> 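Handing you a structure now.
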Amino acid sequence: QVQLVESGGGLVQAGGSLRLSCAASGRTFSRNAMGWFRQAPGKEREFVATINWSGGSTYYADSMKGRFTISRDNAKNTMYLDMNSLKPEDTAVYYCAAARIGMGGVLRDPRGYDYWGQGTQVTVSS
């Protein structure tokens with residue numbers, strides 16, 4: 001059974017940092033693009049960041065550029081999201097996702113992702 005499990009969420013003050021992890025099991029995603037998305041209460045799910053299969057190419061939503069860093073360790077089948085200078089508007093459930101087979105490049109369209117984690121809550125207090 002393929003699973004993506006996020007961890008690392010929690011409550012942090014504005015200006016603080018968190019590191020999210022996404023551990024994959026059941027199959028390897030070393031040839032798949034992966035990404036992070038988030039959904040705040042009452043809002044639609046939005047793209048956060050994506051990374052290509054090798055980790056050599058990344059892409060961020062404009063509001064995350066310079067604050068968030070996406071990375072991956074294919075040997076561990078794990079992806080990360082380092083979040084710095086957090087703002088209250090970053091409060092959301094964060095989801096990791098793995099793209100379908102054959103899609104190894106950076107991918108911001110959620111329709112290209114076949115595998116999703118259950119989400120981890122990030123709350124930033126002001």
Side-chain angles (χ1 to χ4, degrees):
Q1 181 181 359
V2 177
Q3 277 192 312
L4 298 177
V5 179
E6 302 96 335
S7 61
L11 174 63
V12 63
Q13 288 188 331
S17 300
L18 282 174
R19 185 181 223 205
L20 305 184
S21 298
C22 172
S25 62
R27 58 156 291 181
T28 179
F29 290 102
S30 61
R31 293 296 182 182
N32 302 65
M34 298 188 73
W36 289 96
F37 294 78
R38 70 184 186 185
Q39 187 167 19
K43 295 187 177 181
E44 293 188 352
R45 188 171 298 189
E46 67 171 336
F47 167 76
V48 173
T50 178
I51 188 166
N52 79 326
W53 68 274
S54 68
S57 182
T58 58
Y59 186 83
Y60 300 89
D62 286 344
S63 61
M64 287 70 166
K65 288 179 181 177
R67 299 191 300 125
F68 291 9
T69 302
I70 188 172
S71 61
R72 67 190 295 167
D73 184 340
N74 285 340
K76 296 181 178 180
N77 221 16
T78 300
M79 176 179 64
Y80 306 97
L81 184 68
D82 289 294
M83 305 186 294
N84 298 308
S85 302
L86 283 163
K87 306 174 183 179
E89 50 264 43
D90 293 318
T91 295
V93 177
Y94 283 71
Y95 299 89
C96 70
R100 62 182 57 116
I101 295 173
M103 303 188 78
V106 291
L107 179 65
R108 63 178 299 172
D109 188 341
R111 293 173 298 179
Y113 290 87
D114 277 355
Y115 306 94
W116 293 83
Q118 82 290 346
T120 186
Q121 176 70 47
V122 171
T123 303
V124 184
S125 63
S126 57

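Because the structure is a prediction, the values reported are computed rather than measured. Computed over heavy atoms, backbone and side chain alike; hydrogens, waters and symmetry mates excluded.
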> Test: side-chain hydrogen bond (donor to acceptor under 3.5 Å, both in side chains). Region: residues 3-16. Which pairs qualify, not counting sequence neighbours?
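As it turns out, the side-chain hydrogen bond (donor to acceptor under 3.5 Å, both in side chains) pairs with a partner in residues 3-16, which skip direct neighbours, are E6-Q118.
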> What pairs with V12 under side chain to side chain contact (heavy atoms under 4.5 Å, CB included), at least two apart in sequence or on another chain?
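For V12, the residues satisfying side chain to side chain contact (heavy atoms under 4.5 Å, CB included) (neighbours in sequence not counted) are L18, L86, V124.
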> Output all residues satisfying side chain to side chain contact (heavy atoms under 4.5 Å, CB included) with M103, sequence neighbours left out; order by chain, then residue number.
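Checked M103 against side chain to side chain contact (heavy atoms under 4.5 Å, CB included); matches are A99, R100, L107.
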> Tell me, please, which residues at least two apart from Y59 pass side-chain hydrogen bond (donor to acceptor under 3.5 Å, both in side chains).
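side-chain hydrogen bond (donor to acceptor under 3.5 Å, both in side chains) check on Y59 returns R108.
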> Do other residues, nucleotides or ligands put more than 12 heavy atoms under 6.0 Å from K43 NZ?
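Atom NZ in K43 is not packed in, count stays at 12 or less.
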> Running the 4.5 Å side-chain criterion over Ile, Leu, Val, Met, Phe, Trp and Tyr, what cluster does W53 land in, apart from itself?
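Members alongside W53: none; it stands by itself.
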> Honestly curious: do Y60 and M83 fall in one hydrophobic cluster under the side-chain, below-4.5 Å linking rule?
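Yes, one cluster joins them.
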> So if you build clusters from Ile, Leu, Val, Met, Phe, Trp, Tyr with side-chain heavy-atom gaps below 4.5 Å, do M79 and F47 land together?
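No.
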> Just how far is it from atom CD1 of I51 to atom OG of S57, taken to the nearest 0.5 Å?
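Here the interatomic distance stands at 8.5 Å.
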> Got a second to check how far N32's CG is from N74's CG, nearest 0.5 Å?
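The distance works out to 9.5 Å.
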> State the CG-OG distance between D82 and S71, to the nearest 0.5 angstrom.
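Interatomic distance, D82 CG to S71 OG, rounded to 0.5 Å: 5.5 Å.
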> Would T50 and T58 count as a side-chain contact (heavy atoms from CB on, under 4.5 Å) if you check the C-alpha gap in whole Å, the side-chain angles of each, and the deciding distance to 0.1 Å?
CA-CA 6 Å; T50 178; T58 58; over 6 Å; no
> Report the distance from atom CE of M34 to atom SG of C22, rounding to the nearest 0.5 Å.
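Rounded to the nearest 0.5 Å, the CE-SG separation comes out at 4.0 Å.
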> Can you give me the closest heavy-atom contact between L81 and A49, atom names plus distance?
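That closest heavy-atom pairing would be CD1-CB, 4.4 Å.
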> Would you find more than 12 non-hydrogen atoms of other residues, nucleotides or ligands less than 6.0 Å from I101 atom CD1?
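No.
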> Taking only residues two or more places apart in sequence, or in another chain, which ones meet A23 in a side chain to side chain contact (heavy atoms under 4.5 Å, CB included)?
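Partners of A23 under the side chain to side chain contact (heavy atoms under 4.5 Å, CB included) test: T78.
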> Determine which pairs satisfy ring-ring contact (aromatic ring centres under 6.0 Å, His included) with at least one residue from residues 75-111, sequence neighbours left out, and list them in order.
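Output for this query is empty, none listed.
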> Would you say the side-chain atoms of N77 pair up with the backbone N or O of R27, donor to acceptor, closer than 3.5 Å?
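Looks like yes, one N/O pair under 3.5 Å.
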> Taking only residues two or more places apart in sequence or in another chain, which ones pass side chain to side chain contact (heavy atoms under 4.5 Å, CB included) with E89?
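Applying side chain to side chain contact (heavy atoms under 4.5 Å, CB included) to E89 gives K87.
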> Where is the tightest heavy-atom contact between S126 and P88, given as atom of each residue plus distance?
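So the minimum-distance heavy-atom pair works out to CB-CG, 3.8 Å.
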> Assign the ring pair F37 / W116 to parallel, tilted or perpendicular, where the plane angle (0 to 90°) is split at 30° and 60°.
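Tilted: the ring planes of F37 and W116 meet at 30° to 60°.
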> The criterion is side-chain hydrogen bond (donor to acceptor under 3.5 Å, both in side chains); which residues satisfy it with S63, sequence neighbours excluded?
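Partners of S63 by the side-chain hydrogen bond (donor to acceptor under 3.5 Å, both in side chains) criterion come out as none, since no residue qualifies.
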> Could you give the distance from OG (S25) to CG (L4), rounded to the nearest 0.5 Å?
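Answer for the OG-CG pair, S25 versus L4, is 7.5 Å.
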> Same cluster or not: are V48 and V93 linked, directly or through other Ile, Leu, Val, Met, Phe, Trp or Tyr residues, by side-chain heavy atoms under 4.5 angstrom apart?
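No, separate clusters.
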> Taking side-chain hydrogen bond (donor to acceptor under 3.5 Å, both in side chains) as the test, write out the residues that go with S30, two or more places apart.
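Result, side-chain hydrogen bond (donor to acceptor under 3.5 Å, both in side chains) vs S30: T28.
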> Sequence neighbours left out, what passes ring-ring contact (aromatic ring centres under 6.0 Å, His included) with F29? Give chain and number order.
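Per chain and number, F29 pairs via ring-ring contact (aromatic ring centres under 6.0 Å, His included) with Y115.
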> To the closest 0.5 Å, what do you measure between OG1 (T91) and CD (Q121)?
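Spacing of OG1 (T91) from CD (Q121) equals 7.0 Å.
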> Sequence neighbours excluded, which residues qualify as side-chain hydrogen bond (donor to acceptor under 3.5 Å, both in side chains) partners of D90?
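Once residues adjacent in sequence are excluded, the partners of D90 under the side-chain hydrogen bond (donor to acceptor under 3.5 Å, both in side chains) criterion are R38, R67.
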